[in-house]
**Q** 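Here it is: the structure, laid out below.
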Protein chains: 2
Amino acid sequence: MIESCLYHKLSHYVEIDDNSWDVLAQLEENEEPYCADTVVREIGTSADELFVVKSGWFYSFVLLPDGRRQIVSICHPGDVVGFADIAYHKACDTLVAASDGILCPFPKQHLRKVFTDTPRVAALLFTLAVRDQVLLTDLVKATGRMSAREKLAYFLLELDARHRVTHPSNASFTLPLNQSEIGDTIGLTNVYVSKSLVALEDEGLISRQNGDITILNPADMAAMCDFQDRHDQMDVSWFPAPR
Amino acid sequence: MIESCLYHKLSHYVEIDDNSWDVLAQLEENEEPYCADTVVREIGTSADELFVVKSGWFYSFVLLPDGRRQIVSICHPGDVVGFADIAYHKACDTLVAASDGILCPFPKQHLRKVFTDTPRVAALLFTLAVRDQVLLTDLVKATGRMSAREKLAYFLLELDARHRVTHPSNASFTLPLNQSEIGDTIGLTNVYVSKSLVALEDEGLISRQNGDITILNPADMAAMCDFQDRHDQMDVSWFPAPR
DNA sequence: CGAGGTGTTGAGAACCATCAATTGCCGTGG
DNA sequence: CCACGGCAATTGATGGTTCTCAACACCTCG
């Protein structure tokens with residue numbers, strides 16, 4: 001059993017038997033490196049592949065005709081990318097590399113075998129997809145109903161929570177996104193992201209040192225934006241038994 | 001084979017063999033009626049059930065501590081509700097009846113049998129869940145990056161598209177939501193929803209007659225908010241074959 | 001007739017966007 | 001080594017979209 005990001009992340013939630021693992025490992029058979037800011041897959045092009053993130057950060061976004069951009073998903077090592085495209089023939093968003101990184105593409109058709117042969121893995125993938133959906137409801141809540149400072153508190157706590165799954169001890173994390181990208185995620189301008197970050201820092205809620213973020217007061221920040229950690233656990237009780 | 005909302009809706013996308021249909025029919029075995037504005041399931045309570053909507057409209061929302069509300073999903077007859085809760089032990093949102101209606105609850109544990117015995121149905125449910133995810137990305141795009149008028153154009157077109165799946169000929173549809181609920185969906189106040197609706201009407205894009213909405217100029221409205229119809233088709237090419 | 005829910009309209013204020021200028025940083029090339 | 005350009009972040013001034021508060025009209029239902 002090879003060590004992998006996907007395994008590392010999933011084993012946080014559920015015990016993966018050898019049979020399931022063989023199937024999962026097939027998803028990471030192929031590797032494709034990408035440089036920062038490279039487009040992986042354009043919106044509207046054929047959506048016949050999904051990806052496992054092996055290293056680096058990626059994100060996907062949609063554009064309005066006049067150039068306004070909304071980032072809808074940020075992807076870290078161990079994440080499965082492209083669930084949204086399973087239901088459609090064409091990609092619903094554009095996927096780009098936020099930093100240098102490696103993706104493992106696998107064909108959508110591969111899922112057929114997963115569903116027929118290893119229902120437990122299918123259930124696991126289902127759960128991952130559904131978790132993405134919950135993350136999106138959190139994002140809707142933020143973009144729809146929060147002030148700028150609350151949006152940023154949510155954004156930073158969410159990245160922190162995700163980081164903690166694989167790095168439980170780290171109090172701070174590196175943020176390889178610029179302020180325009182942050183704004184395009186939570187619905188602000190780059191200018192107001194800057195002003196709000198300064199505000200959070202002045203209040204003593206966070207500190208920053210060249211790209212690294214430290215959450216100084218998680219409790220107050222979480223109260224401020226009603227934050228829920230979606231990454232610490234999942235419900236696997238209904239999963240089919242391992243073969 | 002009994003006629004049902006679920007069958008009616010799903011058969012729009014994929015041929016459902018008898019074996020699959022038997023499994024799906026089990027999801028609708030039990031019925032529970034709800035009056036308008038009744039809470040079906042509170043956020044934070046045990047999430048061990050999913051629902052098929054048999055009749056009426058339902059929606060689910062989250063609240064911020066100070067009372068701000070964000071509606072994250074609107075559910076019509078034939079929809080499966082509660083995918084988000086599959087990944088967690090506690091419900092992530094509160095589900096209420098928007099109008100009088102009937103739900104068919106079924107236990108989450110039921111999915112185990114679906115995944116082991118009927119992979120094709122599992123794939124179908126997976127696809128429905130993923131479609132919900134795409135609808136959420138559309139909503140994020142609207143709340144994060146659109147003006148009030150654009151948000152409303154998107155909102156109305158989305159409901160219209162959903163309505164057309166089961167009522168292809170109808171040019172207008174009934175909207176059993178008040179303007180506060182509309183605002184809580186797309187991130188506006190009830191006051192500004194009113195003003196923006198009047199604006200759309202003045203421009204000749206829509207017309208209203210006591211609760212019914214008619215989209216007068218779909219093309220211009222769609223261009224205005226870069227609308228994509230997510231309901232006209234789905235990709236079922238990768239599904240396991242019927243048994 | 002009165003009460004409550006819903007929608008409309010107006011005035012004022014607040015928050016965030018827009019525009020513009022400045023700083024600092026880094027890599028490049030003279 | 002220094003000059004230069006480009007990108008990212010910051011800061012300030014101004015303006016606009018939307019929110020808030022308030023009043024009023026309408027309808028339904030008691």
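Basis for what follows: all heavy atoms, side chains included, without hydrogens, waters or symmetry-related copies.
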**Q** Taking 4.0 Å as the cut-off, does a side-chain nitrogen or oxygen of A/Tyr192 come that near to OP1 or OP2 on C/dA17?
**A** no
**Q** Measure from CD on B/Glu201 to P on C/dG7 and round the result to the nearest Å.
**A** 13 Å
**Q** Could you measure the distance from the OG1 atom of A/Thr143 to the CD1 atom of B/Ile186? Nearest 0.5 Å is fine.
**A** 12.0 Å
**Q** In terms of side-chain geometry, is the basic nitrogen of B/Asp160 or B/Arg164 positioned less than 4.0 Å from the acidic oxygen of its partner?
**A** yes
**Q** Rounded to whole Å, how long is the line connecting atom CG of B/Leu177 with atom P of C/dG5?
**A** 18 Å
**Q** Heavy atoms from C-beta onward define the side chain here; which of D/dT20, D/dG12, C/dC16 lies closest to that of A/Ala148?
**A** C/dC16
**Q** Reckon B/Arg68 has a side-chain N or O less than 4.0 Å from the OP1 or OP2 of D/dT20?
**A** no
**Q** Does any part of the side chain of A/Phe61, heavy atoms only, come nearer than 4.5 Å to the side chain of A/Glu181, both counted from C-beta?
**A** no
**Q** Answer yes or no: is there an ion pair linking A/Lys108 with A/Asp85, defined by an N-O contact shorter than 4.0 Å?
**A** no
**Q** Rounded to whole angstroms, how far apart are CE on A/Met146 and C1' on D/dC19?
**A** 18 Å
**Q** Without decimals, in angstroms, what is the distance between B/Asn190 CG and C/dT6 P?
**A** 10 Å
**Q** In terms of side-chain heavy atoms of A/Lys195, which of C/dC16, D/dT10, C/dT18 is nearest?
**A** C/dT18
**Q** Give the rounded distance in Å between these two atoms: CG of B/Asp37 and P of C/dG4.
**A** 17 Å
**Q** If you check the A/Asn178 side chain, which of D/dA8, C/dG10, D/dT10 turns out closest?
**A** D/dA8
**Q** Hey, does B/Thr94 have a side-chain heavy atom less than 4.5 Å from the side chain of B/Val62?
**A** no
**Q** Distance check needed: C/dT8 C1' versus B/Leu197 CG, whole Å only.
**A** 11 Å
**Q** What pair of heavy atoms forms the shortest contact from B/Lys54 to B/Glu28, and how long is it?
**A** NZ-OE1, 4.3 Å
**Q** Starting at atom CG of B/Leu188, determine the distance to atom P of C/dG7, rounded to an integer number of angstrom.
**A** 14 Å
**Q** Which part of the nucleic acid does A/Gly183 contact within heavy-atom distance under 4.0 Å: base, sugar-phosphate only, or nothing?
**A** nothing
**Q** With heavy atoms under 4.0 Å as the rule, sort B/Val198 into base, sugar-phosphate or nothing.
**A** sugar-phosphate
**Q** Report the distance from atom CG of A/Leu175 to atom P of D/dA8, rounded to the nearest whole Å.
**A** 13 Å
**Q** Think B/Gln179 has a side-chain N or O under 4.0 angstrom from the OP1 or OP2 of C/dT8?
**A** yes
**Q** Checking all strands, does B/Arg208 fall into the base, sugar-phosphate, or nothing category for heavy-atom contacts under 4.0 angstrom?
**A** sugar-phosphate
**Q** Using a cut-off of strictly less than 4.0 Å, decide whether B/Thr189 has a side-chain nitrogen or oxygen near OP1 or OP2 of D/dC19.
**A** yes
**Q** Using a 4.0 Å heavy-atom cut-off across all strands, classify A/Gly187 as base, sugar-phosphate, or nothing.
**A** sugar-phosphate
**Q** Is there a side-chain polar atom (N or O) of B/Arg145 under 4.0 Å from OP1 or OP2 of C/dC16?
**A** no
**Q** Picking from D/dT10, C/dA17, C/dT8, which would you name as closest to the side chain of B/Ser194?
**A** C/dT8
